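A note on names: the letters A, B, ... follow the listed sequences, proteins ahead of strands, and every chain is numbered from 1. Since we're looking at a predicted model, the values are computed, not measured.
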Amino acid sequence: MKTKYWIIIFSLLILIFAGLWLLFSAAGTAENSAQVYSDGKLICTVDLSVDGEYQVSLGEEWNMLKVVDGKIFVSASSCANQHCVRHAPANKGAPIVCLPNRLVVEFAEEEFDALLK
Amino acid sequence: MKKFFCVLLLCLLFLTACGSDKPHERDIFAMDTFINLKVWGDEEALSEVAAQISSYESALSVTREDSEVFKLNQSGSIELSAETAHLLRQAVYYSEKTEGAFDPTVYPLVKAWGFSAEEQSVPKSETLPPLLDYIGTDKIQINGDTTILNAGTQLDFGGIAKGYAAERCRELFEEQGVDAAILSLGGNVQTIGSKPNGSEWIIGIANPQEPSSAIAQLHFLGSLALVTSGSYQRYFEEDGIRYHHILDPATGYPVENGLASVTVLAESGTMADAYSTALFVMGLEKATQFWREEQSFEAIFILEDGSIFATEGAAELLSGCEYAEIKR
């Protein structure tokens with residue numbers, strides 16, 4: 001009887017710890033979100049489950065970010081080459097980068113260790 | 001009771017260990033690209049590597065007026081630092097190995113197309129032929145520490161500098177005893193060691209039609225340099241025609257041979273970088289022949305029609321796509 005009692009307590013504790021670990025892991029990665037960096041500084045974390053529009057400015061330069069249907073993309077930019085605007089809407093994988101304006105949009109969920117672009 | 005607490009402690013240690021798999025990370029804008037560094041273990045190693053990358057930017061940029069390359073291009077003769085002179089010798093070596101398919105003297109052509117500036121345009125037909133006289137490593141003289149360029153010849157390490165930087169950073173990480181790290185410099189990736197959980201590196205190869213997504217994946221363990229050169233990486237359109245940045249040193253025009261990208265896998269990042277450009281310029285047939293002769297690298301070719309060709313060694317690591325294997 002005493003052994004059974006300890007097995008139940010032990011199992012419950014394991015379940016609680018595992019649950020807490022999973023909870024903290026999920027909170028740490030904040031899935032379905034994107035981190036927006038400007039010149040190396042984290043500007044905001046964007047919830048990709050909500051449609052919206054965001055402007056990120058650095059001096060006189062700017063990028064417009066849009067979230068539509070769970071994906072984020074650069075809808076317009078003051079940069080000359082417009083590479084960032086050509087990047088397809090994304091919710092995971094390689095970051096969206098605007099090199100001239102030093103903008104980086106990173107995702108919590110990474111598909112690969114790196115993408116050869 | 002004692003046993004119970006021992007088991008509980010072990011469980012907690014296990015859960016803590018699971019959480020330590022996350023690498024330390026740093027992003028840098030340098031060498032005309034976005035660089036992402038990840039290291040498992042010693043976070044301080046990141047700072048030293050980041051500083052090293054900044055030093056390469058300072059020495060090798062073609063546009064920074066204080067860089068060695070800018071000064072050499074302007075004056076035609078300077079004493080290069082030991083490291084820049086070493087890189088130049090390597091660039092000349094790979095240029096000769098590839099019979100000029102990779103050439104560090106293409107800068108006059110790059111400027112004519114505007115690929116070193118914000119505005120690009122098709123040069124007038126009479127502009128390019130005279131510039132071809134300035135192209136070729138026979139226009140470079142290295143006399144001891146002094147480097148002399150023929151009049152009109154200018155250097156651009158854009159096709160080799162990132163690979164060289166990745167290779168040197170790998171050495172730096174290894175000297176510092178880092179077990180695992182990965183550097184991503186746009187089309188250049190360098191893996192170092194193996195991740196603490198023992199899992200394979202997974203590297204995506206960009207789809208030339210949609211470069212933000214992968215067309216295939218490479219799975220492997222250990223240190224490897226991987227470099228992709230693709231016509232989609234930098235281009236402009238004029239009168240409905242697309243012109244990309246990989247110029248044929250023999251003609252001065254963007255290479256048009258049906259290739260959309262070439263990925264090279266090698267132990268040396270410098271070699272992988274130089275050869276990815278060279279193989280693109282050579283085209284599939286000649287590049288395949290070169291691979292058979294060299295036996296020092298592996299390659300993956302993606303054609304404009306979407307078909308993929310992989311050399312034997314690359315095919316062993318490739319997944320997520322259909323491909324034709326190139327045999328020795």
After noting the C-alpha distance and the side-chain angles of H219(B) and F112(A), does the key distance pass the ring-ring contact (aromatic ring centres under 6.0 Å, His included) rule? CA-CA 10 Å; H219(B) 294 244; F112(A) 314 106; 8.6 Å; no
Heavy-atom cut-off 4.5 Å, strictly under: side chain, backbone, both or neither for [X] against chain A?
| X | result |
| --- | --- |
| I182(B) | side chain |
| Q120(B) | neither |
| D32(B) | both |
| Q233(B) | both |
| E200(B) | backbone |

Under the criterion ring-ring contact (aromatic ring centres under 6.0 Å, His included), which of Y243(B), Y235(B), F236(B) is the partner of F115(B)? F236(B)
Side chains of Y54(A) and I43(A) in contact at under 4.5 Å (non-hydrogen atoms): no
Are V39(B) and P23(B) side-chain neighbours, meaning at least one heavy-atom pair lies under 4.5 Å? no
Answer with side chain, backbone, both or neither: which region of [X] has an atom nearer than 4.5 Å to a non-hydrogen atom of chain B?
| X | answer |
| --- | --- |
| A90(A) | neither |
| P95(A) | side chain |
| Q82(A) | neither |

Interatomic distance, F34(B) atom CZ to S184(B) atom OG [nearest 0.5 angstrom]: 8.0 Å
Relative to chain B, which of R86(A), H83(A), R102(A) shows the most heavy atom pairs under 4.5 Å? R102(A)
Contact leader toward chain B among D39(A), N81(A), V104(A), where contacts are heavy-atom pairs under 4.5 Å: V104(A)
Steps toward ring-ring contact (aromatic ring centres under 6.0 Å, His included) verdict (Y164(B), Y56(B)): CA-CA 9 Å; Y164(B) 177 77; Y56(B) 292 133; 5.7 Å; yes
Determine the sole option in T228(B), I203(B), I308(B) for which the side chain to side chain contact (heavy atoms under 4.5 Å, CB included) test with T263(B) is passed. T228(B)
Any idea which of K195(B), E119(B), R234(B) has the most non-hydrogen atom pairs under 4.5 angstrom with chain A? K195(B)
For G70(A) and N91(A), work out which heavy atoms get closest and say how close.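 Smallest heavy-atom distance, with atoms named: O-CB, 3.3 Å.
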